[in-house]
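All chains are named by letter (A, B, ...) in the order of the sequence lines, taking the proteins before the strands, and each is independently numbered beginning at 1.
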There are 2 protein chains.
Amino acid sequence: MSESKSTTLTKRAAYELRQRIIHGGLPGGTRLYEVALSEELQISRTPVREAMSRLAEEGLLERAPGGGFQVRAFSLRDVTDAIELRGVLEGTAARMAAEQGVDPVQMAGVWAILDRLDRCFAGDRVDFDAYSELNAQFHCALAELCQSAVILRELERVKSLPFASPSAFVLGQADAAGSHRSLVMAQAQHRALAQAIARREGARAEAIAREHARIARGNLEETFVEGAQPGGSMPGLALITR
Amino acid sequence: MSESKSTTLTKRAAYELRQRIIHGGLPGGTRLYEVALSEELQISRTPVREAMSRLAEEGLLERAPGGGFQVRAFSLRDVTDAIELRGVLEGTAARMAAEQGVDPVQMAGVWAILDRLDRCFAGDRVDFDAYSELNAQFHCALAELCQSAVILRELERVKSLPFASPSAFVLGQADAAGSHRSLVMAQAQHRALAQAIARREGARAEAIAREHARIARGNLEETFVEGAQPGGSMPGLALITR
DNA sequence: GGGGGGCGGGATGTATACATTGGATGTATA
DNA sequence: TATACATCCAATGTATACATCCCGCCCCCC
């Protein structure tokens with residue numbers, strides 16, 4: 001091992017496996033064999049094992065009956081449920097934040113992200129990359145308003161499923177005009193949500209968060225029905241089988 | 001190793017660690033050292049490591065910054081949040097079940113459990129052990145009505161925290177009369193919840209499930225305020241610190 | 001011909017030696 | 001005295017050999 005070792009081998013193995021899974025190299029249900037992987041990655045069994053264990057924590061793998069691991073398979077139903085669940089959790093976070101009141105500094109940060117999101121719309125053109133990044137930041141910052149480690153932890157878990165990330169909202173829009181309309185609507189919901197929290201309207205905040213996720217779910221369902229299956233607009237769609 | 005090895009050493013190590021954590025032998029925040037544990041348990045580092053990894057998946061341990069594990073510490077806030085979260089998830093499951101309709105056979109099973117729960121009340125005396133067991137079964141069967149692997153998975157995760165189990169409802173009642181009243185009320189909510197699902201009243205089902213957890217949360221808060229800290233009526237209370 | 005038992009191979013489980021890392025400690029120098 | 005650097009130690013990371021278990025196959029006996 002005279003090579004570059006920027007990180008631990010465990011992390012390298014985990015990264016490599018994660019990439020393959022997300023990009024479809026290892027379809028759902030595939031059984032992973034320690035020896036085969038360690039030979040292929042030129043890494044001994046121990047870190048490979050450790051990496052698989054961590055990916056199981058992330059939810060990409062599951063422990064196979066009788067030992068070992070296999071790639072977790074997701075049905076379309078699983079995917080829509082995950083997105084709905086994300087909405088439920090974000091809604092709960094929003095409601096809790098509204099009920100208990102928020103730190104002004106944190107809230108200012110949320111508004112700042114919203115302003116920067118606005119700037120992604122130039123005329124009828126959208127800077128998708130910037131939007132996605134800021135959108136993720138917004139959802140993250142919003143959830144943190146609830147000050148609950150338990151809620152945040154579970155939310156992180158659900159969002160770690162690649163297809164349940166906030167950017168699912170973008171999907172399913174065939175033309176640019178449709179995308180633009182979708183994102184304008186999403187941004188309006190973002191502002192309404194922040195406003196509801198600031199005004200301490202818990203029930204309203206929760207309802208908006210849920211509706212927001214419901215639309216993302218609908219978009220993803222459309223995308224899938226139209227057959228844009230693996231590797232489409234979003235990495236991680238390759239995970240969806242059955 | 002000529003001894004009885006009914007299971008793998010990993011499972012033995014995990015069991016032993018879990019017991020110590022739940023019963024307070026290893027307080028929250030305690031760092032776990034592989035060598036020390038392996039010497040103490042007379043098991044080599046590898047299975048100990050594996051066991052810690054699994055307990056991290058369960059949520060009892062967390063990976064320490066810079067490697068290794070430590071016992072997860074729960075504040076009272078974490079605990080109440082976890083119970084509220086359980087209510088949110090059960091509420092979601094109930095709403096989904098109501099909206100999509102339920103399998104009659106499963107629903108019959110739920111009613112059967114409810115009848116058996118009724119029989120735990122004999123006059124003004126309650127068979128607590130039987131009640132706890134059946135109560136857990138009820139909550140489990142109810143959640144399964146939603147037919148969603150994703151929701152069930154997350155719900156299992158939250159319930160695996162010892163203090164977030166359904167039996168938290170029993171806590172915080174000083175006298176037998178108080179307990180009896182509590183359980184009668186809980187059972188009434190159980191029936192109302194099942195009825196709402198059967199009648200496909202999703203919103204109502206969700207609301208009842210949440211209220212049910214809210215009461216459990218209140219009971220646990222009382223218990224804690226009254227200072228019945230570690231090892232009290234429920235194992236797992238020892239986890240709560242700060 | 002069918003069933004049972006033994007045998008072999010492949011997979012994970014386990015033990016342990018060695019490598020590496022990161023922090024604590026102590027010392028020398030400015 | 002403070003800072004920078006060398007050193008050491010303890011803890012995890014890694015490699016690898018060996019043990020064990022499970023399962024399928026085949027052969028032999030009934």
Side-chain angles (χ1 to χ4, degrees), chain A residues 1-21 25-73, chain B residues 1-21 25-73:
Chain A
M1 297 295 149
S2 54
E3 272 278 291
S4 65
K5 298 158 296 188
S6 40
T7 63
T8 66
L9 294 182
T10 295
K11 283 174 188 165
R12 262 211 286 167
Y15 175 82
E16 186 62 31
L17 279 175
R18 197 182 297 111
Q19 290 303 102
R20 294 192 190 189
I21 293 169
L26 296 168
T30 306
R31 173 96 186 236
L32 298 182
Y33 297 100
E34 295 177 6
V35 278
L37 281 174
S38 61
E39 281 167 9
E40 198 174 331
L41 301 175
Q42 299 278 45
I43 292 174
S44 79
R45 275 178 61 202
T46 311
V48 169
R49 208 180 158 76
E50 176 77 13
M52 292 197 292
S53 180
R54 293 191 190 200
L55 292 180
E57 277 186 63
E58 279 182 35
L60 286 182
L61 299 182
E62 59 192 0
R63 290 185 191 272
F69 296 86
Q70 61 192 36
V71 181
R72 196 165 153 202
Chain B
M1 298 295 148
S2 54
E3 272 278 290
S4 64
K5 296 159 298 190
S6 40
T7 64
T8 66
L9 293 183
T10 294
K11 284 174 188 164
R12 262 211 287 168
Y15 175 82
E16 186 63 30
L17 279 175
R18 198 182 297 112
Q19 290 303 103
R20 294 191 191 191
I21 293 169
L26 296 168
T30 306
R31 173 94 185 240
L32 299 182
Y33 298 101
E34 295 176 5
V35 279
L37 282 174
S38 61
E39 280 167 10
E40 198 174 330
L41 300 175
Q42 299 277 46
I43 292 174
S44 79
R45 275 177 61 202
T46 311
V48 169
R49 207 180 159 75
E50 177 77 13
M52 292 197 293
S53 181
R54 293 191 190 201
L55 291 180
E57 276 185 63
E58 280 181 35
L60 287 181
L61 299 182
E62 59 191 359
R63 293 186 189 271
F69 296 86
Q70 61 192 38
V71 181
R72 198 165 152 202

Compare the minimum distances between each of dA11(C), dA15(D), dA15(C) and the side chain of R31(A), then state the nucleotide with the smallest one.
dA11(C)
I need the CZ-C1' distance between R63(B) and dG13(D), as an integer number of Å.
13 Å
Would you kindly give the CD-to-C1' distance between E34(B) and dA10(D), to the nearest whole Å?
12 Å
More 5' along DNA chain D: M52(B) or P47(A), using each one's nearest nucleotide?
M52(B)
How many Å lie between CZ on R49(A) and C1' on dA11(C), as a whole number?
11 Å
NZ of K11(A) versus P of dT21(C): gap in Å, rounded?
12 Å
For salt bridge (charged side-chain N to carboxylate O under 4.0 Å, His left out), just list the numbers for E58(A) and R54(A), CA-CA rounded to whole Å, side-chain angles, deciding distance to a tenth of an Å, and then say yes or no.
CA-CA 6 Å; E58(A) 279 182 35; R54(A) 293 191 190 200; over 6 Å; no
Rounded to whole angstroms, how far apart are CG on L37(B) and C1' on dA11(D)?
13 Å
Per the atom types in the model, does the base of dG13(C) pair as donor or acceptor with the side chain of R45(A) at under 3.5 Å?
yes
Calculate the interatomic distance between Q42(B) atom CD and dT16(C) atom P; express it in whole Å.
11 Å
Quick check on dT14(D): is either OP1 or OP2 less than 4.0 Å from any side-chain nitrogen or oxygen of T46(A)?
no
Whole-Å distance between dG13(D) C1' and R12(A) CZ?
13 Å
So among V71(B), L55(B), L60(B), which one has a side-chain contact (heavy atoms from CB on, under 4.5 Å) with L17(B)?
L55(B)
Residue T8(A), side-chain atoms from C-beta onward, closest of dG13(D), dA11(C), dA15(C):
dG13(D)
Under 4.0 Å between a side-chain nitrogen and a carboxylate oxygen: does that hold for E16(B) and R20(B)?
yes
Mark yes or no for whether R72(B), through its side chain, and G59(B), through its backbone, hold a donor-acceptor pair below 3.5 Å.
yes
Need the pair for dG23(C). Rule: Watson-Crick or G-U wobble, both distances under 3.5 Å, any strand; none if unpaired.
dC8(D)
Any strand counts, and the cut-off is 3.5 Å on both contacts for Watson-Crick or G-U wobble. Which nucleotide pairs with dA28(C)?
dT3(D)
Could you give the distance from CD (E50(A)) to CD (E50(B)), rounded to the nearest 0.5 Å?
8.5 Å
Between CD of E39(B) and C1' of dA10(D) the distance, given in whole Å, is 13 Å
